[in-house]
Amino acid sequence: DTGVSQDPRHKITKRGQNVTFRCDPISEHNRLYWYRQTLGQGPEFLTYFQNEAQLEKSRLLSDRFSAERPKGSFSTLEIQRTEQGDSAMYLCASSLEQGGNQPQHFGDGTRLSIL
Amino acid sequence: KQEVTQIPAALSVPEGENLVLNCSFTDSAIYNLQWFRQDPGKGLTSLLLIQSSQREQTSGRLNASLDKSSGRSTLYIAASQPGDSATYLCAVRPSSQGAQKLVFGQGTRLTINP
């Protein structure tokens with residue numbers, strides 16, 4: 001069990017550029033979640049996948065954001081035309097849901113800074 | 001809409017003390033409540049998960065309780081150590097149909113002084 005892996009750890013970019021983050025969940029976890037955390041706040045839910053299907057999206061996920069999990073394994077989160085307000089830590093989590101209450105396991109996040 | 005509150009926002013205690021962190025939530029319709037630890041610049045480490053039917057969970061020096069009807073949870077840390085310094089977050093999973101997300105509090109920043 002290697003844990004949830006996120007890449008890159010840090011991303012600095014200019015306003016208006018596109019960025020893409022990757023998340024590799026714990027092997028065989030069928031659920032994958034994306035959250036966003038700003039300084040001094042708790043994480044806020046963005047979206048989640050069960051296998052390859054994106055089943056829930058937060059209103060925080062504007063049309064500039066898109067997430068995919070094409071083969072039900074790793075996931076990508078893309079932000080187009082980045083804005084200053086997109087600066088945050090983007091956290092990925094995964095869980096194995098088999099009809100019970102299973103904990104979500106988080107990665108170390110990708111910290112995005114918009115210049 | 002579910003809201004989670006953690007008080008205090010920051011806590012500083014001397015090493016060796018027992019301490020309690022508080023978490024409250026507005027809607028008692030939850031599947032579970034999870035406590036996490038977050039070190040600066042890092043992700044979240046899951047500490048304990050309490051299912052809605054449970055009253056408490058224990059792991060080592062940590063004990064978490066849940067009173068669903070009053071919308072409260074506490075995390076008790078025994079014999080605190082400097083290595084316990086971190087931000088502690090609680091999160092609930094609402095039991096509304098299809099809800100899979102966690103709703104987080106803002107966290108309590110804990111400092112243990114040697």
Side-chain angles (χ1 to χ4, degrees), chain A residues 1 3-7 9-10 21 23-26 29-51 53-61 88-97 99-113, chain B residues 1-10 21 23-25 29-54 57 59 62 64 66 68 86-109:
Chain A
D1 183 350
V4 178
S5 177
Q6 293 189 246
D7 184 70
R9 290 294 315 279
H10 304 277
F21 312 139
C23 171
D24 287 88
I26 293 173
H29 275 193
N30 56 350
R31 288 190 176 168
L32 186 148
Y33 313 79
W34 285 99
Y35 292 82
R36 181 172 70 186
Q37 185 179 27
T38 53
L39 202 60
Q41 303 295 316
E44 295 177 290
F45 171 80
L46 293 177
T47 188
Y48 103 95
F49 293 83
Q50 176 149 329
N51 300 313
Q54 188 174 18
L55 298 184
E56 187 176 353
K57 292 195 290 187
S58 163
R59 282 171 286 181
L60 292 175
L61 213 65
M89 174 82 89
Y90 290 84
L91 293 163
C92 176
S94 70
S95 69
L96 178 62
E97 292 288 333
N101 284 300
Q102 301 298 323
Q104 293 186 19
H105 298 272
F106 283 75
D108 278 342
T110 293
R111 181 167 296 284
L112 174 65
S113 298
Chain B
K1 176 188 173 185
Q2 178 73 266
E3 293 182 358
V4 180
T5 303
Q6 292 185 249
I7 295 174
L21 306 180
C23 172
S24 62
F25 47 96
I30 63 171
Y31 273 128
N32 59 50
L33 183 145
Q34 205 167 344
W35 281 94
F36 296 89
R37 168 190 174 133
Q38 185 172 33
D39 293 292
K42 298 285 191 178
L44 280 63
T45 301
S46 179
L47 298 174
L48 291 163
L49 181 145
I50 310 177
Q51 297 184 21
S52 61
S53 58
Q54 297 176 322
Q57 282 285 336
S59 176
L62 306 180
L66 175 64
K68 198 174 70 164
T87 295
Y88 290 81
L89 294 150
C90 74
V92 299
R93 179 177 163 184
S95 59
S96 53
Q97 188 172 5
Q100 303 298 333
K101 65 183 179 183
L102 293 177
V103 179
F104 284 85
Q106 293 182 314
T108 294
R109 189 172 69 252

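Here the structure is a predicted model, which is why all the values come from computation and not from measurement. Residue numbers begin at 1 in each chain, while the letters A, B, ... track the order of the sequences.
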Task: Heavy-atom pair of closest approach, residues B/Cys90 and B/Val4 - done: SG-CG1, 3.5 Å
TODO: Counting only heavy atoms closer than 4.5 Å, note whether B/Gln6 contacts chain A via side chain, backbone, both or neither.
DONE: neither
TODO: With sequence neighbours excluded, tell me which residues meet ring-ring contact (aromatic ring centres under 6.0 Å, His included) with A/Tyr35.
DONE: A/Phe45, A/Phe106, B/Phe104
Task: Portion of B/Leu89 that has a non-hydrogen atom of chain A nearer than 4.5 angstrom - done: side chain
TODO: Counting only heavy atoms closer than 4.5 Å, note whether B/Leu102 contacts chain A via side chain, backbone, both or neither.
DONE: both
Task: Beyond-backbone contact of B/Trp35 with B/Leu21, side-chain heavy atoms, under 4.5 angstrom - done: yes
Open item on the list: Do A/Glu44 and A/Gln41 pair up side chain to side chain, a donor and an acceptor below 3.5 Å, judged on atom types alone?
Closed with: no
TODO: Answer with side chain, backbone, both or neither: which region of A/Gln37 has an atom nearer than 4.5 Å to a non-hydrogen atom of chain B?
DONE: side chain
